[in-house]
Amino acid sequence: MAETVFRRPEALADVTTHYCPGCTHGVIHRLVGEVIDELGLRERTVGIAPVGCSVLAYNYFATDFHEASHGRAPAVATGVKRARPDLIVFSYQGDGDLASIGMAEIIHCANRGEKVTVVFVNNAIYGMTGGQMAPTTMPGQVATTCPLGRDVNLAGWPIRVAELVSTLKTPAYVARASVHSPLHAVAAKEMLRTAFRYQKENVCFSLVEILSTCPTNWGIPPAESTAWLEKNMLPYYPLGTFKTPGGEDRAPGPLGRGRRGSGHAE
Amino acid sequence: MAETVFRRPEALADVTTHYCPGCTHGVIHRLVGEVIDELGLRERTVGIAPVGCSVLAYNYFATDFHEASHGRAPAVATGVKRARPDLIVFSYQGDGDLASIGMAEIIHCANRGEKVTVVFVNNAIYGMTGGQMAPTTMPGQVATTCPLGRDVNLAGWPIRVAELVSTLKTPAYVARASVHSPLHAVAAKEMLRTAFRYQKENVCFSLVEILSTCPTNWGIPPAESTAWLEKNMLPYYPLGTFKTPGGEDRAPGPLGRGRRGSGHAE
Amino acid sequence: MAKKLMKGSEAIGEAAIQAGCRLFFGYPITPQNEIPEYMSHRLPQVGGTFVQAESEVAASNMLYGAAGSGERVFTSSSSPGISLMQEAISYLAGSELPCVVVNIMRAGPGLGGILPSQSDYFQATKGGGHGDYRLLVLAPWSVQEAADLVQDAFDLADYYRNPVLVLGDGLIGQMMEPVEFRTGRVPCKPLPPKDWAATGCKGGRATNIINSLFLDPQVLEHHNQKLQAKYAAMVRDEVRCVEYGTEADYDVLVVAYGTVARVCSTAIEDLGAEGVKAAMVRPVTLFPFPYEQVRRAAQKAKAVLVVELSTGQMVEDVQLALLGTRPVHFFGRQGGMLATPEEVAEQIRAIAAGRSGEVAHG
Amino acid sequence: MAKKLMKGSEAIGEAAIQAGCRLFFGYPITPQNEIPEYMSHRLPQVGGTFVQAESEVAASNMLYGAAGSGERVFTSSSSPGISLMQEAISYLAGSELPCVVVNIMRAGPGLGGILPSQSDYFQATKGGGHGDYRLLVLAPWSVQEAADLVQDAFDLADYYRNPVLVLGDGLIGQMMEPVEFRTGRVPCKPLPPKDWAATGCKGGRATNIINSLFLDPQVLEHHNQKLQAKYAAMVRDEVRCVEYGTEADYDVLVVAYGTVARVCSTAIEDLGAEGVKAAMVRPVTLFPFPYEQVRRAAQKAKAVLVVELSTGQMVEDVQLALLGTRPVHFFGRQGGMLATPEEVAEQIRAIAAGRSGEVAHG
Amino acid sequence: MPQIVINPERCKGCELCVQACPQKILGMARDINSKGYFYARMQEQKRCIGCRLCCITCPDVAIEMHVHGTLYHYFAY
Amino acid sequence: MPQIVINPERCKGCELCVQACPQKILGMARDINSKGYFYARMQEQKRCIGCRLCCITCPDVAIEMHVHGTLYHYFAY
Amino acid sequence: MQNDVIMAGFGGQGILLIGKMLAYAGMHQGKEVSWLPSYGPEMRGGTCNCTVVISDRPVGSPVIQSPRAVLAMNLPSLEKFEPMLRPGGLLLVNSSLINREPSRNDVRVLKVPANDVANELKNPKGANMVALGAYIGATDAVALEELESLIRDTFASKPKVIEANLVALKRGYDLGAEMKEGKP
Amino acid sequence: MQNDVIMAGFGGQGILLIGKMLAYAGMHQGKEVSWLPSYGPEMRGGTCNCTVVISDRPVGSPVIQSPRAVLAMNLPSLEKFEPMLRPGGLLLVNSSLINREPSRNDVRVLKVPANDVANELKNPKGANMVALGAYIGATDAVALEELESLIRDTFASKPKVIEANLVALKRGYDLGAEMKEGKP
Ligand SMILES: Cc1ncc(C[n+]2csc(CCOP(=O)(O)OP(=O)(O)O)c2C)c(N)n1
Ligand SMILES: Cc1ncc(C[n+]2csc(CCOP(=O)(O)OP(=O)(O)O)c2C)c(N)n1
Ligand code: SF4
Ligand code: SF4
Ligand code: SF4
Ligand code: SF4
């Protein structure tokens, strides 16, 4: 008699997504779904969908959902969590949504220490609207609004969200993962599990940035997109844990006085 | 025949301000005015006033000015500088204006590396509207919207703007000063001069955070406010330079892999 | 409860609490700072939650999350802050979320000033945000009425699953008057269960989704028609207005709302002595607008005078009500200047004596 | 220049460049992404600057800074993004800054959909932001007209020191038609020197301040009256509309703007064959609205039909124009559904045959 | 013994699984599914070591794995 | 010789200069200016060492300093 | 019957407080009342004023253009509000801080050296109470007893303050009453 | 006189391109033209279509409810647009990918094995050109020469492509023309 060792998690609706072939949004959806199942949270989880390619996430997860306005998912998540602290609340956001228009909302949501989980999908481009430059677009990378490639002298350097958020003093769990290979996906799932566990135990705000592919707007076949990510994004977006609730203060100190350690004025 | 060794700078209009007695907004105004004079920039400088107690800055500086909507001064400054790169553009913003509603605009203005100068006045309170909690209000500090004192478990820890902005990769000059004593004011002026010089030489974005008093809303007489600032704000908001255009990358690296130095992936 | 002397802003906050609201998300702005300040000390006392949002944009989206969770929630601001909420307000209406928004209007445009004004009427009643949607708009003229309307606002919001806007001005926010909170108040509408709220799909119930996106135009058109049917029901059932002296006969009918209507009532009384006969219709709901009542009351009058603290916004609705059957005159003050009883009286005299020109379009 | 086949979005971008605009600040949103995309590659070629703003809020405030510097500048977005600009638009109007804003409308409310719509008429013409202000609103019905109006928009903005809104819909943005850019075009208005701009107080000139704050209510009231005088001048001098078949006689007058007016014109022609007589007035300026022209044209008709891709917004202005002198009928589609010539023809037939009920208020 | 089951209707033909499989036993079909995609198929089931890499890498959850008897996993997931 | 000139109409009486003066030679007047503030005044000009701390600390630029002859500054400003 | 008054002075003189007390007293006596503060520019300092209306009928306009009484605690206030006072109205002047003569001669003027009286009573902060007492003494807008009990409730925790304020109020009341009875 | 057509197919089939070429050609012949693409949900993939109108008078509605012609390059397109075709209109079917029979019998049907012809010509990407040729062959919406010169300009840099496309276009044209001349 056969046992099924790998199947669609219960927290993922049994439907075909609209995502392009090879888009790793799908992998991230599944990892989140698996974590929700494994922690037994499905029936008390409320997700917040962004405006972006994952706008229809509310159709893909088998949990209650809000569809937020562009960039405001962290504010909506705050509203839900403050109204119903007993619920498990997560937002799922792209890099245009979170790091461009939604910068104030994510910084303040993290700084207030809202006990929610943010799944931040960094694919270095605006997918849904057809490939415009994102705050995370790599130097020299071509996008429809930087046809000659991102010029750091005009548009600045890509924003590193995990680094930025981790420097806030309010306790939080902040990490960066990738899903360009199955083994990276396994590590990503581990971080997602940690993030949701911190929320389940009402410990702190958590954010997991996940590097993802956009074969369509990168103009690279899926199988090559993973290599492109590894070669171009990984060096600039190092993977790992940036902040833990009990851990040290990650903010830099004034130059010359070395880095501010956890010993600093509490 | 007597020589005048201290007088009102030309860049400051010869009028009485509406600021409360002992409010150090006035000191910061004068320091900025002196720096503009000393660098000979008055006739090509355009200031951006915030919405806050310094909303009327356009009446106090003898330079052209824009009055921006609340929090958006960095966006207005971007518009001016991109339209007229030959002008010297500075915004003058309070902590509610810059660190609360204007968080997205300041982060992105800094990240694009707009060649403007931001004078950020951190007085740990909303002055103009009558003493509500600011993102920079100290733990336990009483404000009209946290009558029992700021509870870091509900409102999070105060935001450290200089630290936050300095972790962006785009080259910039970021520093923090204070004006609670004359000698601190001298150091503050030095930093302001450096900031404006970097703009004059078209080098980079610059931001100087300046700790300031609000005797009225702190409910402390002016002469004691300086001591309150020193005792309560200085330990949490260390003074010094946080980032220089040529300097190292100030973003934290993943935990366990030590701090990311300037050697990191360019 | 006994009568208490309260600032309008505080009465609004207390009324929300009396109505069972336990959540407030807002950002400071004059002249309504007393509302968030009051909520910040009062809510913790009743086990509620106050959050000072980072901006009005954030506050209105926090409102979205809390309303979508099925809880009673409100926010308040003043004109510039309300403009920043327009996208979220369109989302709230599109997603049919019950919530209350208070706008204590100040003078504009832009940063303008902080004194009383009524220049956000169009934004409130026609829709300052994008798309075809309506807010139910309530306009109090006293502190007591503000307290009453805020409580009704929560019931109306829940009944219609629609945001309700309470439109006051700086005077309402700042002045103190006696207020009484009726104990054992019953909702002004039956309150349907919030089984649509996103609260976790327990016991295998189908998932609830709070959403305003409908990519299929046929579906979105249908959604729009559903919304319009709801607004039609409001027009049918929720019109509120108060008439003053319309039982007697009169030459001039005054139409005004909010605190300026009090100024007009004083003017009308003072004129009575002179034998100048005038009456007033005061819309309490601005959407739905009392077209029918204004039309009826105008029949008895020779002419109609609309008084607003603006350059003339509600006057268009009055013209739509009368469709040329009576001449419509307008008197307005702007920038925080208040119309005085004396000024209004002079306007009425002029109209009664045929010394004043009417409003025209184009 | 020779005729070129261009997408409406690209024609709008090129028109701005032809009008001497060298600055664009914007944020992507369907269905107008081709505008920022076009500007991002075109502007550098002509020594201009393109900045992708972090949001529409930022874009509209960058516009403020650039306009206040005396440069020609524009931004574009679609409905939800325009809602986010409402505070800044009120500031731009209050500070009297010349600039151009393009809204390629999509269906709402909320996130709604991305297909063509006209449901932002109220927001555009009555003021979606706070305070008493007006935008000059231009509504093209073809790609060529879009190109022409965008160029005029910059002249009008400079002449009146007022933001000008170009209101298109998804069709205008997406479709391709032949366009011609006249060389040696002369401004449609005399262009006053921008001596008010904040460009540095050289040679001891008094400082220039770009501002909308006036704390003294008397001063703010005076500022408001100054603005109103400007709007009155627009009403007097800038009304634009086109009449179709109004020289002949007809039973039904159609009023429609933008691309849906083309659908109506086809319907009217098709009906000619059947002997059903109809004519059309197409407003090109929505503010100022052609009240007078609509009123005049309606005289010859038995009834008036207003067609919009909304639940009925411009229809209120038509009623204000007619003030009951003619029955007003309305036909609208929503959610991205487009009215077809066949549908409109059927409506006209019904009205001509007295088979249709008119619009009422309250 | 591991058994891989690919749902042709859910497959979008991205070939990530083909790339991920250490045994190189997955390939693409010659015919298309109703959505017009050439879908993935198992070519040599018996050589499958049950590492689940294809399942984990599939963005469309088109791959299930069943086990007959017992199987030791190289890594927890 | 340094000479301190305080403009009573500009002074708001915050006393920051009094606090700042190392010589403690500044004090507050007994009468108020037209704005209703008790303003600062110099009590012992001759003991002034010209350090300018009062000028630098004054938020309202109410203090000017003139020098007769030459004077060496302890710090550049 | 309606009483309305504009009370004005420096920020620290406790004007808004006595305005509120007056309104409270009126309410407790079953009258319709309104209290409206000036809320100026979004910034600190300067003078302040409030308008109080006490009436038998519902209060119409809470904004009073030509008040029946003006209580001026300092010179700027006198200059600003004297012209608005309606003919025959009551002009109450704090003669301790205002040394110029009122310019109107079509109104009843009541000079009260509020600060001097208060200092005399070793209650320098009580000048506002003296003025309030004088106002009701001269107008009977509300009953003295009503205000007295209000003072007792308001400062319940501080018996000393109660006493001091009651005395100040009464002294003011008598000064006001004298005028009412037409004494010099 | 007006010609209008809805062209539809898979994303990669070059539908929008031949639509634009048709509109360009019309414009060059001095006609009024419009080209309107379907712009679906803000996401990738799927089918696409465009509507082209070529007329002697200014184009009224660029949206055509019942077009005079439908060019269906794949099955979904046939299913979606066949019902809309106006009676007597032209239904052009890419028989290489569509094996079912059209269900309408009140329209003129032209089957063109566009992909087969293209493969035959060793120009597999040229199926869209074959279809375009067939359409004008059957309708004379624009002149063949006009399209030929357009192809020359469009691919000026790639002479090979020009040749291949000219041939494909002509082959399609002949197939279309045959039908026009009523041949089987
Ligand atoms: C207020 C507003 N502005 C802009 C848009 C248009 N828009 C939709 S999605 C999107 C960005 C999508 O990019 P990202 O957040 O990176 O997500 P992805 O699609 O790449 O997953 C934008 C700009 C919108 N819907 N609303
Ligand atoms: C959109 C908007 N929201 C809110 C306000 C009200 N407001 C004016 S100033 C201010 C904050 C002032 O505090 P801060 O920026 O710290 O400056 P300070 O007054 O302390 O110098 C606020 C919330 C406004 N004018 N506009
Ligand atoms: S556009 Fe990019 S992000 Fe969006 S679904 Fe396609 S591949 Fe994924
Ligand atoms: S309120 Fe505070 S910040 Fe504002 S002027 Fe007064 S002291 Fe300065
Ligand atoms: S990974 Fe999934 S979708 Fe991609 S080819 Fe393999 S089975 Fe198909
Ligand atoms: S200059 Fe120095 S010593 Fe002289 S008065 Fe000022 S602070 Fe005192």
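Proteins get letters first, then strands, A, B, ... in listed order; numbering begins at 1 in each. Values reported hereafter were calculated over all heavy atoms of this structure, with side chains retained and with hydrogens, waters and symmetry mates removed.
- Only the side chain of Q228(C) comes within contact range of chain D, with at least one heavy atom under 4.5 Å from a heavy atom of that chain.
- Of the listed residues (D120(C), N103(C), V219(C)), the greatest number of heavy-atom pairs within a distance under 4.5 Å of chain D belongs to D120(C).
- Here L84(D) is the residue among L84(D), D216(D), V294(D) with the most heavy-atom pairs under 4.5 Å with chain C.
- Of all the listed residues (Q86(C), H222(C), Q123(C), M105(C)), the one sharing the greatest number of non-hydrogen pairs under 4.5 Å with chain D is Q123(C).
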For E87(C) and I82(D), run side-chain contact (heavy atoms from CB on, under 4.5 Å): C-alpha distance rounded to whole Å, both residues' side-chain angles, the deciding distance at 0.1 Å, then the answer.
CA-CA 8 Å; E87(C) 187 203 20; I82(D) 298 292; over 6 Å; no

Apply the test side-chain contact (heavy atoms from CB on, under 4.5 Å) to residues H130(C) and R106(D): give CA-CA distance (whole Å), side-chain angles for both, the deciding distance (0.1 Å), then the verdict.
CA-CA 9 Å; H130(C) 59 286; R106(D) 57 190 250 178; over 6 Å; no

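- Side-chain contact check for Q313(C) versus D132(D): some heavy-atom pair is nearer than 4.5 Å.
- The closest donor-acceptor contact from the side chain of Q334(C) to the backbone of N224(D) lies at 3.5 Å or more, if one exists at all.
- With a threshold of 4.5 angstrom between heavy atoms, L227(D) approaches chain C through side-chain atoms but not through N, CA, C or O.
- With a 4.5 angstrom heavy-atom cutoff, E56(D) does not touch chain C via any of its atoms.
- Across all their heavy atoms, K126(C) and F122(D) have their closest contact at O-CD1, 3.4 Å.
- For the pair P109(D) and I89(C), the minimum side-chain heavy-atom distance is 4.5 Å or more.
- The greatest number of non-hydrogen atom pairs below 4.5 Å with chain C, out of G129(D), G127(D), G324(D), is found for G129(D).
- For a residue to count as touching a neighbouring chain, one of its non-hydrogen atoms must lie under 4.5 Å from one of that chain's; by this rule T311(D) touches chain C with backbone and side chain alike.
- L220(D) and A107(C) get closest at one heavy-atom pair: CD2-CB, 3.5 Å.
- Of the atoms belonging to R236(C), not a single heavy atom falls under 4.5 Å from chain D.
- Taking A93(C), G312(C), S212(C) one by one and counting their heavy-atom pairs under 4.5 Å with chain D, the maximum is reached by S212(C).
- Contact count against chain C (heavy-atom pairs under 4.5 Å) is highest for G110(D) among G110(D), S83(D), G108(D), S117(D).
- Proximity to chain C involves both the backbone and the side chain of P80(D), based on heavy atoms less than 4.5 angstrom apart.
- Note on G336(D), S95(D), A232(D), S90(D): by heavy-atom pairs under 4.5 Å with chain C, the leading option is S90(D).
- Your options are G112(D), S78(D), P290(D), and the one with the most heavy-atom pairs under 4.5 Å with chain C is G112(D).
- The choice from S119(C), A124(C), G113(C), G94(C) that makes the most heavy-atom pairs within less than 4.5 Å of chain D is S119(C).
- For M337(C) against Q218(D), the heavy-atom pair with the smallest separation is SD-N, 3.7 Å.
- Chain D forms the most heavy-atom pairs under 4.5 Å with one residue out of L92(C), V57(C), L213(C), N211(C), and that residue is L213(C).
- In terms of non-hydrogen atom pairs under 4.5 Å with chain C, the most contact-rich of L338(D), L322(D), V239(D), L323(D) is L323(D).
- Most heavy-atom pairs under 4.5 Å with chain D, from the set P288(C), S310(C), P217(C): that is P217(C).
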